[in-house]
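I have placed the structure first, in the form of structure tokens, so that the comments after it can refer back to it.
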Amino acid sequence: MTIQLYNTATRRKEGLAPLDPSNVRMYVCGPTVYDRAHLGNARPVLVFDTLFRLLRHVYGENAVTYVRNFTDVDDKINATALARKEAGAPGTLEELVAQRSDETIDWYHADMDSLGALRPTHAPRATAFITQMVNMISGLIDRDFAYARDGHVLFRVRNYDDYGKLSGRSVDDMIAGARVEVAPYKEDPMDFVLWKPSDDDLPGWDSPWGRGRPGWHIECSAMAYELLGAQFDIHGGGNDLQFPHHENEIAQSKCCGHDFANIWMHNEMLQVEGKKMSKSLGNFFTVRDLLDQGVPGEVIRFVMLSTHYRKPMDWTEKKRAEAEATLRKWAGIVADDDARANTSASQVPQTILDALSDDLNTPLAITHLHRLASDRDGAGLSAALNLMGFNLDAMDVSEPVDLGDLAAQLAALRADAMVSKDFGPVDAMKSALTEAGVEVRMSKEGVELVPGTDFDATKLEALK
């Protein structure tokens, strides 16, 4: 089967044709590890985890190399460590930076594990690849694509003719619309930093240009080259990284003679209740906040995958509640099916594979999951859920609730109301059901009652 993926670089869907089908290679930009992962950070993890799982299913579990890095040298990390030092924490600033990075990486792994994300093949730390970065920067200087000045090394943007091709903007347009740092050591405002000096307190490494640390963009170019080679299949990340980070990665790598990534994929951003997530609006929260509130990781995963990765995703309390009710229902179906114990990857329904192979159409795949559940196809549902990263063993499954009689009662009331035009009894019963924590779904096909997470059977006694 052919996997179709939307390539940001060409602005169209393309069939994935791996350079080496026995080693499909993917690089995804990971986090800067200065604090807990917020909910928006989880979206690219779950998008590319789903792709990782699909690639493993199609090409073989050992035929995919997935790299997702950690940026563990950054001014934000330094600032966090400095605040700890000023608060009296023991150790040098460099030791406190290392401690903060270790702590945050452990948090990140634990939180993403809770969402059902597989660990990537490699999770490199930028600080382990400083030598490779220095070598790459030296090569760019030798080719006249970079220059050293005042302890800094900068990339000459105007020497690379294709700069801006990924984001579709000219250099002059980018200067007009972007906030660029004007500094005396720059030949051009758009030139970006490959290396910058460190003082004695900050983390730093020896280099031909003095003691310093790498710029952000060179990190991913060097790690991708070292772990995946000069050319690989897929590069992914959030669309907020398209410019300048990914644009700069391409420029650096291409000017070193590397073909770099064939397909570029970008996921859209996340909102909360229709608004951009921000601390000032009080709608900012981390993955750990939700987990600690008792929201299962499977529910977070379900809500995320319910929206196509190239569309903005809106996290709402209503979606969370609906997702939890659905997953508990499915967990009951899967648990009741004798075939579940023998479920294999070969039992994944073709409808699921077709949906995922069409540019990761996870909303369509979830529609097919609903159909499998309606058909009580426990084996197919179990296999499909496994492929999509859902472990329903983690969901509490209470005794199944039979609301069939109440559904029939409400359907009869509705039929009477269609004749009498008096919908009072229908509305009253719907209100009572909602008060008991039952979701009422009415359509032309009939009435469906779904117990929610706050379902209280005792409140239904008056309706019987």
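Below, all heavy atoms of this structure are taken into account, side chains as well, without hydrogens, waters or symmetry copies.
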May I ask you to say whether R158 pairs ionically with E187, meaning some side-chain N is under 4.0 Å from a carboxylate O?
no

What I want to find out is whether K319 reaches E322 closely enough, with some N-O distance under 4.0 Å, to be called a salt bridge.
no

Is the H246 to F260 ring centre distance short of 6.0 Å?
no

Ion pair present between R320 and E317, side-chain N to carboxylate O less than 4.0 angstrom?
yes

Going by distance alone, is a donor N or O of one side chain under 3.5 Å from an acceptor N or O of the other, for E219 and T71?
yes

To the nearest 0.5 angstrom, please state how far the OG1 atom of T121 sits from the CZ atom of R25.
12.0 Å

Would you say CG of D199 has more than 12 non-hydrogen atoms from neighbouring residues, nucleotides or ligands within 6.0 angstrom?
yes

Take atom CG of D142 as the centre, draw a 6.0 Å sphere, and report whether it contains more than 12 heavy atoms from other residues, nucleotides or ligands.
yes

Between N262 and Q231, is there a side-chain donor-acceptor contact under 3.5 Å, judged purely by atom types and distance?
yes

Are R156 and Y160 in a cation-pi setup, meaning NZ or CZ lies under 6.0 angstrom from the ring centre and within 45 degrees of the ring axis?
no

For R125, is there an ion pair with D102 - N to carboxylate O distance below 4.0 angstrom?
yes

Give, for atom CD1 of I263 and atom CD of Q4, the distance between the pair rounded to the nearest 0.5 Å.
9.0 Å

Donor-acceptor contact below 3.5 Å, side chain K85 vs main chain G91:
yes

Any salt bridge between K13 and D358, counting N to O under 4.0 Å?
yes

Any Lys/Arg nitrogen of E439 or R328 sitting under 4.0 Å from an Asp/Glu carboxylate oxygen of the other?
no

Are side-chain N/O atoms of N248 and Y163 paired as donor and acceptor at under 3.5 Å?
yes

Side-chain donor-acceptor pair present, D289, T286, cut-off under 3.5 Å
yes

Lys NZ or Arg CZ of R68 over F48 ring: under 6.0 Å, within 45°:
no

Could you check L202, D74, I130 and say which one makes a side chain to side chain contact (heavy atoms under 4.5 Å, CB included) with R213?
L202

What is the distance from atom CG of D49 to atom CG of L115, rounded to the nearest 0.5 Å?
9.5 Å

Which residue in the set L54, L55, V58 passes side chain to side chain contact (heavy atoms under 4.5 Å, CB included) when paired with L16?
L55

Rounded at 0.5 Å granularity, tell me how far CZ in F52 sits from NE2 in H57.
14.5 Å

As an exercise, state the distance from CG of L372 to OG1 of T351, rounded to the nearest 0.5 Å.
6.0 Å

Look at the rings of H152 and Y185 and say which category their plane angle falls in: under 30° parallel, 30 to 60° tilted, over 60° perpendicular.
parallel

From the list M223, Q132, E249, M136, side chain to side chain contact (heavy atoms under 4.5 Å, CB included) with I218 holds only for M136

State, without any angle test, whether Y147 and D191 hold a side-chain donor-acceptor pair at a distance under 3.5 Å.
yes

Could you tell me whether D377 and R371 make a salt bridge, using a distance below 4.0 angstrom between a side-chain N and a carboxylate O?
no

Take atom CG in D292; do more than 12 heavy atoms of anything else shown fall under 6.0 Å from it?
yes

Spacing of R56 atom CZ and Y66 atom OH [to the nearest 0.5 Å]
12.0 Å

Please verify the inter-ring angle class for H235 with Y27; under 30° counts as parallel, over 60° as perpendicular, anything in between as tilted.
tilted

Over 12 non-hydrogen atoms of neighbours within 6.0 angstrom of OH in Y108
yes

Parallel, tilted or perpendicular, judged at 30° and 60°: which one describes the rings of F155 and F145?
parallel

Looking just at side-chain N and O atoms, do Q271 and D314 make a donor-acceptor pair shorter than 3.5 Å?
no

